[in-house]
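One structure is given here, and the rest of the page talks about it.
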Amino acid sequence: MTYKTLTAASALALMLGATTASADTWRYAFEEAMEEVQGKFAQKFKAEIEANSDHEVQLFPFGTLGESDSILEQTQSGILQFVDQSPGFTGASIPEAQVFFVPYLLPQDTATLATFFKESKAINEMFPPLYAEQGLELLTMFPEGEVMMTTKEPITGPADLDEVKFRVMTNPLLVESYKAFGATPTPLPWGEVYGALQTGIIQGQENPGFYIESTKMYEVTDHITRTGHNNFTTAVMANKDFFDGLSAEDQELVENAIATAFDYIIDYQDGLTEASLAKVKEAKPEITITTLTEEQRAPFKETAASVEATYLEIGGDQAEAILTQLKEDLAAAQGM
Ligand code: 6CS
């Protein structure tokens, strides 16, 4: 090849390179199925990115790339560009993220939660540097609904949880919380839960109403109890080097798509819990769905102080600052 043809070839390669660089394929994995809440969020994100750029977003729902821990690792190593992983699994690497498992800390009201997640200084200013230390750009956190217990026997108070092997996500503070509730907490990855309930290795688990319905938890448990102790929080992140390497225009594109998907997912969940519980009741009329009274909730609520104290011990260097700020942010969102 002569110098002249080489130069022409290089110029062509550069041009092609430039074209490729402006039309990338981004991989995004999440912990749920395509038609569940995280999947709906991801689909909206993809639609926004693809409508406003030449980039393509490939979606990887639960079961395509491995469990939650695995998709986070794949994002940290740059195999994936985006991931949705809930703090329920992030607790080991970012101990401060365990704050979401102090019982009765988060309110159930969706509008208040939406305001809180959007405006919280703890979430939007204090958590991002902690995620950055793990090679992750924290893009957003959003709520996925009221967490309920599903068990084989009815639950009216902590005594009913005695000797109950209760599956929790792999989060040390969530383990402490269920110990305080009187149960025998059993941390397991999601993929093992249905089988473990079916074979009786565990006798209970907790999740939001939509997930109890979509994953058919009602087939392997007989009682749903609304203790009001938590609302499910999840987080969407990008690989930090990837995000930092994007042009300012692409960073803005990602941030706008996340903001649009956030508003969409809040609207999408309007009425979802009650509609899901109605479907559960239709599929299994004999299931009981019980909302505990304030009096029945009181002994569960009494555990909050000790679990909070444990959080301050095991929640990392920023635990106290995060908890204090989060409480201020919640009060502000509640208009107090
Ligand atoms: O309990 C879990 O492990 C799962 N729960 C929800 C609502 N989403 C994903 C997570 O893996």
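Counting starts at 1 for both ligands and their atoms, following the listed order.
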Can you sort out which atoms of ligand 1 are near W190, meaning under 4.0 Å from one of its heavy atoms? 1 (O), 2 (C), 3 (O), 11 (O)
Given K179 and E176, is the salt bridge (Lys or Arg N to Asp or Glu O under 4.0 Å) satisfied, shown in steps? CA-CA 5 Å; K179 268 190 204 160; E176 290 308 316; 3.5 Å; yes
For a salt bridge (charged side-chain N to carboxylate O under 4.0 Å, His left out) with E274, tell me which candidate from R226, K281, K279 qualifies. R226
For [atom], the protein heavy atom that lies nearest, with its residue and separation:
atom: atom 5 (N) of ligand 1; value: N207 OD1, 2.9 Å
atom: atom 4 (C) of ligand 1; value: Y211 CE2, 3.5 Å
atom: atom 2 (C) of ligand 1; value: R167 NH1, 3.4 Å

Taking 4.0 Å as the limit for heavy-atom contacts, which would you say applies to [X] with ligand 1: side chain only, backbone only, both, or neither?
X: V37; answer: neither
X: F62; answer: neither
X: P208; answer: side chain

Is it true that E36 lies under 4.0 Å from ligand 1, counting heavy atoms only? no
F89: heavy atom below 4.0 Å from ligand 1, yes or no? yes
Under 3.5 Å: N/O of [X] near N/O of ligand 1:
X: S86; answer: no
X: E206; answer: no
X: E32; answer: yes

Parallel, tilted or perpendicular: rings of F300 and F181 (30°, 60°): perpendicular
Would one find more than 12 heavy atoms of other residues, nucleotides or ligands at under 6.0 Å from atom [atom1] of [X]?
X: D267; atom1: CG; value: yes
X: E252; atom1: CD; value: no
X: D244; atom1: CG; value: yes

Determine, for Y218 and K284, whether the Lys NZ or Arg CZ falls below 6.0 Å from the six-membered ring centre while staying within 45 degrees of the axis. no
Give the intermediate values and the outcome of salt bridge (Lys or Arg N to Asp or Glu O under 4.0 Å) for residues K301 and E294. CA-CA 9 Å; K301 281 192 181 166; E294 279 309 308; 2.9 Å; yes
